S.K.: 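Encoded as structure tokens, here's the structure I'll be asking about.
Nothing here was measured: the structure is a model prediction, and the numbers come from that model. In what follows, chains are A, B, ... by sequence order, proteins preceding strands, each numbered from 1.
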Amino acid sequence: MHKLDKLSGIREEIVADIPIPEEIFYFQSCVASNKYPGIESCTLDVLNKLGVKPFVSEDQTCCGGFVTFANVAAPTASMPAVARNISLAEEEGLDICAVCNGCWTFLNEFGHFMNGNDEVKESVNMMLNMMGREYKGESNIFHIGAMLYKLKDRIAENVERPLEGLKFATHYGCHYLGGGKYGAIDDAQHPSFIQELVEIMGGENVDYTASGECCGTGFTQVINDKEKSLDHSQMKLESVRDEADPDFVIVLCPYCLSQLDRMQQQLDYRRDVKLDIPIIHITQLAGLALGLPKERLAFDAHIGGQDRFKKALNKIGIDY
Amino acid sequence: MSKKALVIGGGIAGINAAVELANNDKLVILVEKNGELGGNVNDMAATFPELDEAQPLLDEQKSKVEDNENIDIKFNSEVISVSGKAGDFKVEINEDGNTVAEEVGAIIVATGFNYMEPNDYSEYGYSRLDNVVTSQEYERMVMNGDIKKYSNSNVVFVHCVGSRDRVKGYRYCSKICCTYSAKHALLLKQEVPSANAFVFYIDIRALGKGYEEFIRDAIEDYGVRYIRGRVSKVINKEDTLLVKAENSLIGNPVELNADLVVLASAMEPQKDSKELAEILGIETDDYGFYKEAQSNMEPVKSSKEGIFLAGSCTAPLEIRESVAMGKAAASESLSFLG
Amino acid sequence: MLYKIGSDQKKNRILQKIKSSGNDNLNQCLQCYKCGGMCQKSDKFDYTPRQILEQIIDGLEESILNSRAIWICETCNECKIDCPVAINFKKIMASLREIAREEGIEPNTEEVNRKFVKKAHCPKKEDD
Amino acid sequence: MLEKANDWSDTFYDKWKPIAMGFVNGAEKCLQCGKCTGQCPAAAVNPSYNPRKIIYDLVNGNIKRVLSSVELWQCFFCSGCFATCPVDINFPFFVFMLRLGAMSQGFGWEDVKQLEKYAEKDYLQDGITVSPEERNPYVIEERGDIADIRQKAGMPRQREVSDEAIAEINMISDLSGMTNFMKKIGGVELYDCSKCTPKIEEKCKSKELPKKVGNVKTHYRFYNYGVPIGGADNA
């Protein structure tokens, strides 16, 4: 992989600041829970295996990012919702680990905004006090990708199912690297930390031209401007198919997963574009390497690339 | 008794200052941190707006210094400490590991500039992708004939890498990149006529005698394609590079397959310019360039009496202006040399 | 919309044709915007003269030949009089129209409806 | 299109900045270098979308053109422009706030209405924005029931959010005016694709946009930054 030989953009100082806690507040993602439950089960198992206890709260709701950026809610409505979710972790004295780029960037950015703006913080707390909560701004928010990178030594010790002979392509997703320009652990344009993790797990990396492109969801375009969203996904997926031909595409974000996965069926149906590309989340990648059973990996929920799934999983000895 | 003068930096400004002083029968100590005179001009293939070969011109300048008995050149040396006042400075110089003490009447600072290494510009892939080079490296490629292999290929020149950028670079304009990129494109067209040259610019700042005509000649006579828009991304695409930008004159994004991308990296102050400023006791601006006593009326005087500035240690400058400044600094310092 | 610049400028058909019809000073254009500012018709244009020129150089054939500007232009040639490098836009427009006619493109001078009407929202395949 | 001097109100941006609560800053720093548009995924697929031009119009005060444009609603929110901007303009936040501004002028409500059900039906009722039944990105056939897959993986059939939490976010919604807002645009269901038949489809395709969304009077939006290739058919 040419990228790894060259200058790496990983920001060591941010990685160094990530603690390795005994327990962490696992921030559940709506898409993961309701479309790809494998992400949820893998996150819990992987964190447990790596010695970090995930804390799950039923009081946690959606981060509110989708309705906010769909302009249904104004910042005045989403700020207290974010503060409420963060305050749940603060009550337990835990840091937050998000599995979704959207959750991460939304909690992070709005959290920072409130921390830097006392007036807003006060008015938000006035609202939260009415329901017996308080936002202090003490919990840090980490992305699961960053956590796994931090725990890479433990992953290396625990690999039970080396991913030998499998080719992996990556899609980092806009909202971790681009939106989180100052908080992400890697460079926005030439990221490499997933590649590093894949190498630790014994897999092979492949590259393609459109690796830095957006998945095509466009937050609301996928609902309001479907053709354009399809156009973009087609461009991206064709680049993956023609240039990389990977066994799996690793994504950081459940919504990117949903877009790239489900659009394959649409593209076949509407435009006769044949694609057979399994898309999996980074926690499922870790789950594969750490030897989770196939029920917990839950690839049944994935729609595109089923033939390839079968071939690839058989290669590493999973009867699928 | 007439005093010696100290010139720090043996680039094109320092050389001219030293020669000017020596011609006025003053003794000069020329401190050069490298083993060779010439500074950044050493890396240049040609000059603009007349495409003269740079090295013979430089050699001529160098020989003026080297053959001059009044000039004592100290290679591989640095100034460690300065005390005293104008007309009576006591200077300690580290020459090849030995400390030498000297008494001088005036000091001319001509430490020059440094080409920024655009490692932070990961979008351009510098030091990550092959065939992405800085302008400095490109000049060397011209000199040793490496560009000959780019026949029938597309070469892209990117303006403002590190300049006019608050986030990863500097806010100022590096002033000469517009013209030297045109020079690069012209050199390419002259050496390899079958190659296509594309220049991506924001606006063309050709502020010098003959510069505008020089750039227009590149466009009109040599067919260099100028596209208005800063390059957004350079991506690896199989064996070539894919350059993405906007053609803002039409308003559409544009893609271009390139075989070589040349980044016009910003001129930045020398890495140790602030340390030297502290040793000398002069002021710098926020970036690390030396501050003039008065930017319009006293362009060569530093904030401390008896210390003069020349060349692009004050701001990004072209050769012509560096030479002029070197001579001006020399003549201003004469009054302190008795 | 994204477009690509061809690697070989010589294959740029439209540029060759324009050049062969006696316009050899295209690349002298300074992109100074004077033509678009003074033209009495330019508020009706979809592309101002300088934009047409830029597109000719990049070979965006489809978009030029389908544009309305080439038909709306009154070929008064006032832009040539004011142009700092005397680009003969009358000639360029004439040859563009000729090329468009050869391609079978109908003159299109109607005001474009810029109103946004949302239609294709349906998830079903169009020809179902 | 020809612009007249009185289309421009130079002071708009200055007046608007404090209202925008610190979410938008620094547009006046824009160099018009075009780095944003060069990498923009939305500009690559939309003929006239151009973030650079939107910023230009905002700073120079041609706010009418920005707010009434379709292009404002074509942003993908990918933040690629923010990642690459040499002067650190967070353009997605501008779009977010500008869309709120456009809505206050009566533009774009149809789009928002389409998304409102995510807030009303999913977010406020279940506490989760994406429901298992959700078909967007639209899927022709699912493979297996999500609840079964969850059960096989040893998880509860459905992710539960406690009643207390749902009550709390409803309270936040009431207090912050979000509920009120949704009442305002409730009323007409614009496109119900689940009940679509060929006949309805035909009608739907030729149907113009409603004059009203809920209680809000709506206006047409326009292609203000260029004519779409192929005219309005390409809309």
S.K.: Taking side chain as everything from C-beta outward and backbone as N, CA, C, O, which of these in A:R84 sits under 4.5 Å from a heavy atom of chain D? Side chain, backbone, both or neither.
M.R.: side chain
S.K.: Taking the side chain as C-beta and beyond, is there a heavy-atom pair between D:R99 and A:T220 under 4.5 Å?
M.R.: yes
S.K.: Tell me whether A:K121 at atom NZ has more than 12 heavy atoms from other residues, nucleotides or ligands lying less than 6.0 Å away.
M.R.: yes
S.K.: Which heavy-atom pair separates D:I149 from A:A298 by the least distance, and what is that distance?
M.R.: CG2-CB, 3.8 Å
S.K.: Output yes when A:E40 and D:R159 qualify as a salt bridge under the 4.0 Å nitrogen-oxygen rule, no when they do not.
M.R.: no
S.K.: I need the residue from A:N117, A:N101, A:T68 with the largest number of non-hydrogen atom pairs under 4.5 Å to chain D.
M.R.: A:T68
S.K.: Which atoms form the tightest heavy-atom contact between D:P47 and A:K228, and what is the distance?
M.R.: CD-CE, 4.3 Å
S.K.: Would you say the side chain of D:L175 lies within less than 4.5 Å of the side chain of A:M130, judging by non-hydrogen atoms?
M.R.: yes
S.K.: Could you tell me which of A:E213, A:E119, A:Q60 has the largest number of non-hydrogen atom pairs under 4.5 Å with chain D?
M.R.: A:Q60
S.K.: So which part of A:A188 gets closer than 4.5 Å to some heavy atom of chain D, the side chain, the backbone, both or neither?
M.R.: side chain
S.K.: Scan residues 34-51 of chain D for pairs that pass salt bridge (Lys or Arg N to Asp or Glu O under 4.0 Å), counting only residues two or more places apart or in two chains.
M.R.: B:E123-D:K35
S.K.: Mind listing the closest non-hydrogen atom pair of D:K152 and A:E295 along with its distance?
M.R.: O-CB, 3.6 Å
S.K.: Output the distance between atom CG (A:L128) and atom CD1 (D:I172), rounded to the nearest 0.5 Å.
M.R.: 6.0 Å
S.K.: I need the minimum non-hydrogen distance between D:R150 and A:S33, along with the two atoms involved.
M.R.: NH1-O, 2.9 Å
S.K.: Compare every heavy atom of A:N71 with every heavy atom of D:F96, then report the nearest pair and how far apart it is.
M.R.: O-ND2, 3.5 Å
S.K.: Any side-chain heavy-atom pair from D:N90 and A:E109 closer than 4.5 angstrom?
M.R.: yes
S.K.: Within a radius of less than 6.0 Å around CG of D:D174, do more than 12 heavy atoms belonging to other residues, nucleotides or ligands occur?
M.R.: yes
S.K.: Which region of A:Q28, side chain (C-beta onward) or backbone (N, CA, C, O), has a non-hydrogen atom less than 4.5 Å from a non-hydrogen atom of chain D, or is it both or neither?
M.R.: both
S.K.: Just wondering, do A:V67 and D:L115 contact through their side chains at under 4.5 Å, heavy atoms?
M.R.: no
S.K.: For A:F110 and D:F23, take the angle between the two ring planes, folded into 0 to 90°, and tell me which bin it lands in: parallel under 30, tilted 30 to 60, perpendicular over 60.
M.R.: tilted
S.K.: Just wondering, do D:I169 and A:C62 contact through their side chains at under 4.5 Å, heavy atoms?
M.R.: no
S.K.: Please list every donor-acceptor pair under 3.5 Å in which a side-chain atom of residues 76-88 of chain D meets a protein atom from a residue at least two apart or in another chain.
M.R.:
{"residue": "D:D88", "atom": "OD1", "partner": "A:K181", "partner atom": "NZ", "Å": "2.6"}
{"residue": "D:D88", "atom": "OD1", "partner": "A:Y182", "partner atom": "OH", "Å": "3.1"}
{"residue": "D:D88", "atom": "OD2", "partner": "A:Y182", "partner atom": "OH", "Å": "2.5"}

S.K.: Contact part of A:T105 toward chain D, heavy-atom cut-off under 4.5 Å: side chain, backbone, both or neither?
M.R.: neither
S.K.: Using side-chain heavy atoms (C-beta onward) and a distance below 4.5 Å, is D:P41 in contact with A:M235?
M.R.: no
S.K.: By a 4.5 Å heavy-atom criterion (distance strictly below it), what part of A:F69 contacts chain D: side chain, backbone, both, or neither?
M.R.: both
S.K.: Report yes if the side chains of D:I128 and A:N34 come closer than 4.5 Å at any heavy-atom pair, otherwise no.
M.R.: yes
S.K.: Which one wins on heavy-atom pair count under 4.5 Å against chain D: A:P80, A:C214, A:P75?
M.R.: A:P75
S.K.: Closest approach of D:I146 and A:A301, non-hydrogen atoms and distance?
M.R.: CD1-CB, 4.1 Å
S.K.: Which residue out of D:E164, D:E168, D:M178 racks up the most heavy-atom pairs below 4.5 Å with chain A?
M.R.: D:E168
S.K.: If you count heavy-atom pairs under 4.5 Å with chain D, which of A:C174, A:G178, A:C30 comes out on top?
M.R.: A:C30
S.K.: For D:F93, which atoms come within 4.5 Å of any heavy atom of chain A: side chain, backbone, both, or neither?
M.R.: side chain
